[in-house]
Amino acid sequence: QVQLVESGGGLVQAGGSLRLSCAASGRAFSSYNGGWFRQAPGKAREFVAAIDWNGGRTYYVDSVKGRFTVSRDNSKNTVSLQMNNLKAEDTAIYYCAAGPYSLTQFEERSSYFYWGQGTQVTVSL
């Protein structure tokens with residue numbers, strides 16, 4: 001199994017930046033796609049960004065393109081989400097996820113089998 005632990009959430013003013021990190025417990029993470037989702041209170045969990053198993057391709061929801069960057073370092077078993085120019089509507093709990101490399105519908109929750117515990121991101125005006 002893949003165990004995922006997130007860190008880096010917090011409170012930031014609009015226009016600021018945060019970097020989220022997702023650490024996997026085992027070497028097997030290098031064979032998985034990595035995804036980021038977010039969920040605001042009372043709303044459905046939303047796809048944010050993904051990176052394929054070898055880091056060659058990235059994917060983003062339109063609302064974060066140009067502001068967020070997803071990356072991974074398989075030597076450290078980590079996936080990161082750099083969030084710049086944050087907006088109030090980015091406030092949510094952010095979850096990292098891992099799924100088999102063959103499941104390439106990156107925006108779909110069903111493509112991910114393992115999930116982190118979530119980390120709160122709050123953007124103030």
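None of these values were measured; they are calculated from a predicted model. Scope of the values below: all heavy atoms of this structure, side chains included, with no hydrogens, waters or symmetry mates.
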### Query
Would Thr91 and Gln120 satisfy side-chain contact (heavy atoms from CB on, under 4.5 Å), going step by step from the backbone distance to the final call?
CA-CA 8 Å; Thr91 295; Gln120 177 70 48; 4.0 Å; yes
### Query
Checking ring-ring contact (aromatic ring centres under 6.0 Å, His included) for the pair Tyr114/Tyr32: CA distance, chi angles, key distance, verdict?
CA-CA 10 Å; Tyr114 307 100; Tyr32 291 82; 5.7 Å; yes
### Task
Using the side-chain contact (heavy atoms from CB on, under 4.5 Å) rule, take Trp53 and Ser31 through it: C-alpha gap first, then chi angles, then the decisive distance, then the call.
CA-CA 6 Å; Trp53 68 276; Ser31 299; 5.7 Å; no
### Query
Going through the checks in order, is the side-chain contact (heavy atoms from CB on, under 4.5 Å) test met by Glu6 and Ser21?
CA-CA 6 Å; Glu6 294 167 301; Ser21 295; over 6 Å; no
### Message
Would Val12 and Ser124 count as a side-chain contact (heavy atoms from CB on, under 4.5 Å) here? Give the steps.
### Response
CA-CA 6 Å; Val12 65; Ser124 63; over 6 Å; no
### Message
Applying ring-ring contact (aromatic ring centres under 6.0 Å, His included) to Phe47 and Phe37, what does each step give before you reach the verdict?
### Response
CA-CA 4 Å; Phe47 170 76; Phe37 289 74; 5.6 Å; yes
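Within the model, atoms OG1 of Thr104 and CG of Asp52 stand 10.0 Å from one another, a figure rounded to the nearest 0.5 Å. In this structure, CG in Leu81 is found 6.0 Å from CH2 in Trp36, a value given to the nearest 0.5 Å. One finds the OG atom of Ser30 at 11.0 Å from the CG atom of Asp73 (value rounded to the nearest 0.5 Å).
The number of heavy atoms from other shown groups lying within 6.0 Å of CH2 (Trp115) is above 12. Counted within 6.0 Å of CD on Glu89, heavy atoms from surrounding residues, nucleotides or ligands total more than 12; the atom is thus considered enclosed. Other residues, nucleotides and ligands place no more than 12 heavy atoms under 6.0 Å from the CZ atom of Arg57.
Across all non-hydrogen atoms, the minimal contact from Ser110 to Leu103 is O-CD1, 4.2 Å. Among all heavy-atom pairs drawn from Leu86 and Arg67, the shortest one is CA-NH1, 3.8 Å. Taking both residues in full, the closest heavy atoms of Phe113 and Pro100 are given as CE1-CG, 3.5 Å, listed atom of the first, atom of the second, then distance. Contact between Tyr60 and Val70 at its shortest, heavy atoms only, is OH-N, 2.9 Å. The minimum heavy-atom distance between Asn54 and Asn74, with the atom names listed, is CA-ND2, 4.5 Å. In terms of heavy atoms, Ile93 sits closest to Gly118 at CG2-CA, 3.8 Å.
With contacts defined as side-chain heavy-atom distances shorter than 4.5 Å, the pair Val121/Leu18 qualifies. With a 4.5 Å cut-off on side-chain heavy atoms, Ser80 and Arg72 do not count as touching. Looking at Arg38 and Tyr95, their side chains never come closer than 4.5 Å, going by heavy atoms from C-beta outward. By the 4.5 Å heavy-atom criterion applied to side chains, Cys96 and Val79 are not counted as neighbours. For the pair Val61/Glu46, a side-chain contact is recorded, criterion being any heavy-atom separation below 4.5 Å from C-beta on. Inter-residue side-chain proximity for Val123 and Gln13 is flagged as unmet; no heavy-atom pair is nearer than 4.5 Å. Between Ser71 and Arg19 the shortest side-chain heavy-atom distance falls below 4.5 Å.
Using a 30° and 60° split on the angle between ring planes, Tyr59 and Phe106 fall in the parallel class, below 30°.
Using a cutoff of 4.0 Å between basic side-chain nitrogens and carboxylate oxygens, Lys65 and Asp62 are scored as salt-bridged.
A donor-acceptor distance shorter than 3.5 angstrom exists from the side chain of Ser111 to the backbone of Gln105, with no hydrogens or angles considered.
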